[in-house]
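Each chain gets a letter, A, B and so on, in the order the sequences are listed, and its residues count up from 1.
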Amino acid sequence: MTYEQAASTIAERFSGVTVETGAPLIVSVPVDQWRAFAQFAKESLGCRFFNFLSAVDWKDGGLEVVAVVDNLDDNVSLRLKTRLAPSPAEAGHDEAPRCASLVPVFRGANWMERECYDMFGIVFEDHPDLRRILLGDDWQGHPLLKSYAVDTPHPPYR
Amino acid sequence: MAVKAPIPEVPAPVWRSFKDLQEFEALRQQRPEGDKHSATFESLTEGIHQFPGGFVVTTLADTFFNWARKSSVWPVTFGLACCAIEMMATFASRFDVERLGMVPWASPRHSDLMIVSGTVTIKMAPMLERIYAQMPDPKWAVSMGSCANSGGPFRHGYHVVKGVDRVIPVDVYVPGCPPPPESLLNGLLLLQEQIAHFRRTGQRAAPNEKVD
Amino acid sequence: MIDTAVQSQVAIDYSAGERLTMNMGPQHPSAHGVFRAILTLEGETVVGVDAVIGYLHRCHEKLAETLTYAQYPSIASKTDYVAAMTSEFAYVLAAEQIGVVDVPKRAQYIRVIAAELQRIASHLLWLGTWCMDMGGALGGGATVFLYCIRERELILDLFESLVGARLLYGLFQVGGVRYDLPDGWPQQCRDTLATIEQRLIEYERLLEDNPFFLARARGVGFITRELAEDVGVAGPLLRGSGVNFDLRRNLPYSSYGDFTFSVPVEPEGDCFARYRVRMVEFRQSIAIVRQALDRLPDGPISSRPALKSVAQIRIQKGEAYARVEGPRGEVGCYLIADGSPKPYRMKWRGASFSNLSVLPHVLPGHKVADVVAIMGSVDPVFGEVDR
Amino acid sequence: MTGYLPVAIYLAFIIAFAVVMLSVSRLLRPNRPVAEKTLSYECGAEPVGDAWVRFPVGFYLVALVFILFDALAVFLFPWALALRGLGVWALGTMFLFLAILSLGWVYAYREGILEWR
């Protein structure tokens, strides 16, 4: 299964998806098809290896969730992207950005999504136990947002 | 946002042989509560001390006890990060700490020294404080590596404590990132010399309110 | 008069004792760093694991957005501080892929030599701490540990003469390598590799027919192939579960294609399979370093101009995901550059983070002693887990 | 009667040694029972739950089997020392004693106490 075949099967099966051809196939997926596309990538494209899932804060452009899944046998790597609403810290509204969780598809997404929630504040729907993984549970704010200063004081230790 | 680094006011350590007994006596009076012996023994020595010429007895006794404490300081294995790997190399056979009478021990209950090797994060600080508190009393602390000394390369990270002396009183600071085993051994020798001479900095670096 | 009717109903079930929540906390001899596992036990068998990490979260990804391309590689080496070379490799490779910076051939070879020597040193530390965790069973806790650290010191001497540092180096820079091989270094390197090759045979003789070691390693900690891929486990754990995937061969970077080496794969997926994979990787790395030393080309070692200011390197707009085969698995650096001297976003894919996230799926059902053996065979490094 | 004098001296020495060691260390060590210090040690974390929990019975059975054969070993030592003087008769008696106790071992083995469920 080469990159071209992957691109063609994606194009015919998913309409709203834009594909950038190249060594890693960069696929931007609309939010509502996020889990469906991941399921499709795992079954028909054979991308069973879950590499990582993370997020990028484009300030006003909104939060972007990035996931990389690979097909180890044919060395095909897929980089899935989806754009969410900007985070409340910047855009002023108080509703946290939501995204469908990939845990039902890839069990490896469990800790990765907890880290995205911890660092960006993205709420992943029907994630088994969405709580902070790296910082203490009493931590205010989501550090990796662009609006969070790098060394904000934290009494009593800083 | 230029953040000026606070300079902790750690008094200059005094590690040289004594000029005379008066200086040993002065240091003996200042020693912290943890270094003293049991209450009965202290009252006994005070009695002998008032006796004319009694200070010779008590000073010799203290020197002997300090020598005993110095030559068997057991570090608790408290490895946090990269410095822990260098600490392991120091515990291993090439740079052996057992020559100094230090047996690396896993539980704080049997150890006298805590070598803080690695970055102290805000989530880890209460644990570190609890383990230091659970160590029996004459206890010392060595801050190994620039992360433990002052936060090091991660000083401006939001989750990093700017130096372990904000959490526990530290006696010897070992510079380096990571400090090679030779400089850790040098730090441990300085600690032993400090134990033998009672002089302990022990003071917690008070955080500078203006900056923090 | 005691009411006998009540007594008959109270049937005490002695078989299953109450569940004990035990805390294998941050400060634990076999915790390989600051990892806290809250184990719920039934007698000796682990029933549930709640892993708490984050005790060494040093804000790597936030700091990457405030440090320039020349400053960050030495901080990157603190993510996986047992294999500092491969950590720097990933960051530098990502920056070069975006900025299309060409790396001279000699620098690529020196990078391969440094990465493979680092793999040997890291595996030695893994073998030492793992056998110390299984302590008493192997003739006194520290026997194998002291042997392995003695060999590791030989390699650290090599790095000390090459770079000047023992554990965390600043060898890699965007565009090449900072130091060239001092004269006499290749010969010293060949002697060290010869000694280590002999010592490996000693370790295998010491461990492989030791009934205690086999009882604790064989048949313990099964990671099925499906679970391994699903969780994203990488490196020796993946190859120990039967997946024939190695970045150095499948997606060769920095002229790994010029060397011939075989990739060990073990189908069983238990601790012993991972041990076998790493022991074979020792020898493959030795072979790679020898080939690289024999065919080391001359020429410049870096295409980066002398820096007058730290913010001199600018990488144009773009993004790249560089993947490097570290001793613990795939170390990835997803970098987004925006033309300024500092990256816009840097996501670090630590191999140990995914390797560790397989534990809650694997541990239930094992005895408490096996938890320690499995943790050792997973070989997590917590700079990489907590970043 | 004089035969027991060395035993008495030895006993006195044991008691004296224990008493001196304990009293000197109590005299010399500082005694500061601070609250956090007496907290039970849980690898640094807050102690969760208490340890007084109903243990599975397996632990108790293994301890019983151990005591059984430990008592057996106590008899073996003096027997082994005095065997040369006692002759074959003592050998037979001890083997009878061992045979009876190995019945207990076979019972424990068949009951599956030793396999750890």
Side-chain angles (χ1 to χ4, degrees), chain B residues 1 76-96 98 103-108 111 114 116-128 130-132 134 145-147 151-161 176-183, chain C residues 25-34 36 52-63 66-67 71-72 74-84 121-122 125 128-129 132 135 141-142 145-154 156-157 160 164-168 381-383 386-387:
Chain B
M1 42 116 186
V76 64
T77 49
F78 196 81
L80 295 170
C82 346
C83 290
I85 311 292
E86 280 298 83
M87 192 172 74
M88 271 202 270
T90 322
F91 289 163
S93 36
R94 181 175 177 186
F95 303 96
D96 200 349
E98 304 227 359
V103 176
W105 204 258
S107 105
S111 40
M114 170 186 269
V116 182
S117 54
T119 319
V120 183
T121 58
I122 287 178
K123 197 173 181 182
M124 191 65 190
M127 307 274 180
L128 189 139
R130 190 171 299 124
I131 286 181
Y132 185 77
Q134 284 175 347
S146 45
C147 283
F154 305 102
R155 184 178 171 78
H156 299 297
Y158 48 86
H159 196 238
V160 173
V161 175
C177 177
E182 298 90 348
S183 74
Chain C
Q27 192 261 341
H28 190 277
S30 79
H32 285 260
V34 276
R36 177 176 168 202
V52 180
I53 57 173
Y55 289 104
L56 197 59
H57 174 55
R58 301 189 276 195
C59 340
H60 267 280
E61 294 175 3
K62 190 74 177 179
L63 281 178
T66 59
L67 294 176
Q71 288 168 325
Y72 189 72
S74 66
I75 306 286
S77 65
K78 294 168 177 54
T79 50
D80 180 352
Y81 42 78
V82 177
S122 164
L125 189 79
T129 44
M132 191 157 80
F145 175 74
L146 294 178
Y147 289 154
C148 290
I149 296 291
R150 173 191 63 186
E151 264 64 71
R152 190 165 185 270
E153 293 288 336
L154 298 178
L156 296 189
D157 292 346
E160 200 163 358
R166 277 168 55 89
L167 189 78
L168 302 173
V381 171
F382 282 89
D386 301 339
R387 288 180 307 283

Given that the side chain runs from C-beta out, which part of [X] has a heavy atom under 4.5 Å from chain B: side chain, backbone, both or neither?
{"X": "Leu67(C)", "answer": "neither"}
{"X": "Leu63(C)", "answer": "side chain"}
{"X": "Ser77(C)", "answer": "neither"}

Which portion of [X] sits near chain C, non-hydrogen atoms under 4.5 angstrom:
{"X": "Leu80(B)", "value": "both"}
{"X": "Ala81(B)", "value": "both"}
{"X": "Pro104(B)", "value": "neither"}

* Asked: Who wins among Thr66(C), Leu167(C), Leu146(C), Val82(C) for the most heavy-atom pairs under 4.5 Å with chain B?
  ->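 Of the candidates given, the most pairs with chain B belong to Leu167(C).
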Which heavy atom of [X] sits nearest a heavy atom of [Y], and at what distance?
{"X": "Ala92(B)", "Y": "Ile149(C)", "answer": "CB-CG2, 3.4 Å"}
{"X": "Cys59(C)", "Y": "His159(B)", "answer": "SG-N, 3.4 Å"}
{"X": "Ile53(C)", "Y": "Lys123(B)", "answer": "O-NZ, 2.6 Å"}
{"X": "Cys177(B)", "Y": "Leu168(C)", "answer": "O-CD1, 4.3 Å"}
{"X": "Gln27(C)", "Y": "Thr77(B)", "answer": "NE2-O, 3.2 Å"}

* Asked: Rounded to the nearest 0.5 Å, how far apart are CG of Leu125(C) and CE of Met88(B)?
  ->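 Taking CG in Leu125(C) and CE in Met88(B), the distance rounds to 5.0 Å.
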* Asked: Between Ile131(B), Ile122(B), Thr119(B), Val160(B), which residue shows the highest count of heavy-atom pairs closer than 4.5 Å to chain C?
  ->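 Among Ile131(B), Ile122(B), Thr119(B), Val160(B), the one with the most close pairs to chain C is Thr119(B).
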* Tell me, out of Gly79(B), Pro153(B), Pro108(B), who's got the most heavy-atom pairs with chain C below 4.5 Å. => Pro153(B)
* Asked: Do the charged groups of Arg94(B) and Asp157(C) touch, with an N to O distance under 4.0 Å?
  ->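 Salt bridge present between Arg94(B) and Asp157(C).
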* To do: Take the angle between the ring planes of Phe154(B) and His60(C) and call it parallel below 30°, perpendicular above 60°, tilted in between.
  => perpendicular
* Checking side-chain contact (heavy atoms from CB on, under 4.5 Å) for the pair Met124(B)/Val34(C): CA distance, chi angles, key distance, verdict? -> CA-CA 9 Å; Met124(B) 191 65 190; Val34(C) 276; 3.7 Å; yes
* To do: Can you spot which of Pro179(B), Pro178(B), Pro181(B) makes a side chain to side chain contact (heavy atoms under 4.5 Å, CB included) with Arg166(C)?
  => Pro181(B)
